[in-house]
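One structure is given here, and the rest of the page talks about it.
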There are 2 protein chains.
Amino acid sequence: MTAVDAPPRKRKRAPSKRSLETRARILDAAERLFAQNGFEGASMRDIAAEAGVPVALVNFHGGAKEALFATVVARRADVLAQHRLQALDAARASGAPLDLAVLLGCFIRPYLALAASGEPQWTAYARLIAHVSADERWRPISERCFDPTAAVFVEELSGLFPGQDTQRLAAAFVFSISAMLSLATSRWRIEAMAGASGQPAEADAWADFLIGFCEGGFRSALGA
Amino acid sequence: MTAVDAPPRKRKRAPSKRSLETRARILDAAERLFAQNGFEGASMRDIAAEAGVPVALVNFHGGAKEALFATVVARRADVLAQHRLQALDAARASGAPLDLAVLLGCFIRPYLALAASGEPQWTAYARLIAHVSADERWRPISERCFDPTAAVFVEELSGLFPGQDTQRLAAAFVFSISAMLSLATSRWRIEAMAGASGQPAEADAWADFLIGFCEGGFRSALGA
DNA sequence: GTCTATATGTAGATAGAC
DNA sequence: GTCTATCTACATATAGAC
C-alpha cells in the first residue's frame with residue numbers, strides 16, 4: 001500500500017483484468033522462488049516458468065530484477081504492518097492495560113496467524129525476510145518496510161521500562177523478532193532436535209509459547 | 001577437523017608451504033564473500049580476485065563451488081564446536097552446578113568471544129550461518145556441522161527441566177541461537193532503532209545481556 | 001499486453017602450457 | 001602448483017512483430 005505498486009510506469013487508465021492476474025501470478029511466483037533460493041538463486045527465467053509466462057512479461061510487469069524483489073517484499077510487509085497496527089489500536093481501544101504480553105502479542109500474533117491459517121505463501125515469507133536480514137545489500141528495504149512499525153512498538157515498550165537504556169530495549173525486541181522468524185523458518189530444526197518425542201502441537205500453542213519466551217526474556221534482561 | 005579437509009584429492013605427501021598459504025587465502029576470501037553476498041551472490045571469479053589468484057586455482061584448491069562453500073562453513077564450525085564443548089567440560093570439571101545460565105553461557109560465550117576479540121572473520125561468520133539457515137538447500141550442512149553440538153546441549157538442558165516436552169525445550173534453544181546470531185548480524189538494526197541514545201556498550205556486557213534474556217525466556221516458557 | 005528472437009554479459013569449469 | 005585461454009551454459013534485458 002505504500003509506494004512500489006505501479007505495474008509499468010504511470011498507469012494511464014485501469015489495467016485490464018487479465019493484466020492484473022498476470023501481474024499477480026508473476027509476483028506470487030517471484031515470491032516463492034526468492035524465498036526458496038534467495039535473490040541470485042532465483043533467475044528471471046525460473047520465475048517466468050513458475051508463473052507460466054514468457055520472460056519478457058516478468059520484466060514488463062515486475063521491472064528489473066531488483067525492483068521486482070523490492071516489490072515482492074514490500075507487498076506483504078505492508079499487509080503485515082497494517083495487521084500489527086490494527087491489533088495495537090484494538091488493544092488500546094479495549095481499555096485493558098498495554099502490558100508486555102499484550103504488546104508482544106500485537107506484534108507477533110498477526111504474523112503467526114497469517115502463517116498458520118492462511119496461504120502457505122506467508123510461511124515462505126519468513127524465509128524471504130530471513131534472506132533480506134542476512135544480506136546487508138537489502139538494508140534499505142528493511143528500513144523502508146519494517147523499521148517504521150518496529151519504531152512504534154519500541155516506543156510503546158519503552159513506556160513499560162522507564163529509564164531503561166533504549167539500546168538494550170531495542171536489542172530485546174530484535175531478539176524477539178528473530179525468535180519469531182526462527183519459529184517459522186526452522187520448525188524442521190526444532191523437530192529434528194526433539195527427535196521422536198513431542199506432540200504435533202498446534203499454531204496457537206506455539207504463539208503462546210513464543211510470547212512467553214520473549215516476555216520472560218524482556219523481564220529478565222531489563223528488569224520487571 | 002571432521003571430514004572435508006583435503007586440498008585436491010588424496011594427498012600423496014605433504015603439500016608445499018606456498019600451497020597451504022594459497023589454499024588458506026582462497027578459503028578466507030571465499031568466506032568473506034559468501035558471508036557478504038550469499039552462495040550465488042559470490043562468484044568464483046570474485047573469490048579469485050579477492051584472494052589475488054587466478055580462477056583456476058580456486059577450483060583446484062576448493063573444488064567445485066558447492067564443495068568450497070561446505071568447506072568454508074565446516075572449517076569454523078569445527079573450531080566453534082570445539083570451544084563450546086571445552087567450555088562445557090570445564091564447567092563440569094569446576095564442580096559448580098550446571099545451571100541454566102552456565103549452560104547457555106557455554107554455548108553462547110565462545111562465539112561472542114571469538115567475534116569480539118578475534119579476527120573480523122568471526123563476525124562475518126554469523127552472517128554466513130544466517131545464509132545457511134535461511135536456505136533449505138543447505139540443511140545437510142546444518143545437520144553435519146551444527147546439530148551434533150546442539151544435541152549435546154539440548155540433552156544437558158533437558159536435565160534442568162525434567163518432564164518437559166522435548167520439542168518445547170528444543171524450540172527455546174533455537175530461539176536462543178537465533179537471538180545470538182541476530183546480535184552479531186543485526187547490531188546496526190539495534191542501533192538504528194535506539195536512535196541517538198544509548199552508550200556504545202562493550203562485548204562482555206552484550207553477552208551478559210543476551211544470556212539474561214535467554215535465561216528468562218527459558219524459565220518463563222518452560223517453568224522455573 | 002503479450003510473445004519470439006536475440007543482444008550482451010557473465011557464470012562455473014577445465015585443458016594444457018609452464 | 002600455477003596460470004592463460006577457452007568451452008559451454010545460462011544470466012538479464014530489450015527490440016520489435018503481433
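A, B, ... follow the sequence lines: proteins, then strands. Residue 1 opens every chain.
Residue B/R45 contributes atom CZ, which lies 13 Å from atom P of D/dA5 at whole-angstrom precision. Note: CZ (B/R23) to P (D/dG1) measures 11 Å, nearest angstrom. Summarising the geometry, the separation between CZ on B/F60 and C1' on D/dT4 is reported as 16 Å, rounded to the nearest angstrom. Protein atom CG of B/N59 is 8 Å distant from nucleotide atom C1' of C/dT14, rounded to whole Å. D/dC7 atom P lies 20 Å from atom CE of B/M44, rounded to whole Å. Rounded to whole angstrom, the span from the NZ atom of B/K17 across to the P atom of D/dT2 amounts to 14 Å. Atom CG in A/L57 sits about 7 Å away from atom C1' in C/dC3, given to the nearest Å. Between the CD atom of A/E21 and the P atom of C/dG1 there is a distance of 12 Å, given to the nearest Å.
Mapping B/P54 and A/E40 onto DNA chain D by nearest heavy atom places B/P54 closer to the 5' end of the strand.
One distance of note links CD1 of A/I129 with CZ of A/R76; it measures 10.5 Å at 0.5 Å rounding.
Of all nucleotides listed (D/dA11, D/dT2, C/dG1), C/dG1 comes nearest to the side chain of A/P15. The side chain of A/A64 approaches D/dA13 more closely than any other nucleotide in the set C/dT4, D/dG1, D/dA13. When each of D/dC3, C/dT4, C/dG12 is scored by its nearest atom to the side-chain atoms of B/A56, the top-ranked nucleotide is D/dC3.
At the phosphate of D/dT2, OP1 or OP2 sits under 4.0 Å from a side-chain N or O atom of B/T22. Listed pair B/S43 / C/dA11 meets the phosphate criterion, a side-chain N or O lying under 4.0 Å from OP1 or OP2.
Judged by distance alone, with hydrogens and angles left aside, B/R18 brings no side-chain donor or acceptor close enough to the base of D/dG1 to form a pair under 3.5 Å.
The existence of a salt bridge linking A/R92 and A/E156 is confirmed by a sub-4.0 Å separation between a basic side-chain nitrogen and an acidic carboxylate oxygen. Ion pairing between B/E40 and B/R137 holds under the 4.0 Å rule for side-chain N and carboxylate O.
Across A/R189, A/M193, A/R187, a single residue satisfies side-chain contact (heavy atoms from CB on, under 4.5 Å) together with A/E191, and that is A/R187.
Other residues, nucleotides and ligands place more than 12 heavy atoms under 6.0 Å from the CD atom of A/E143.
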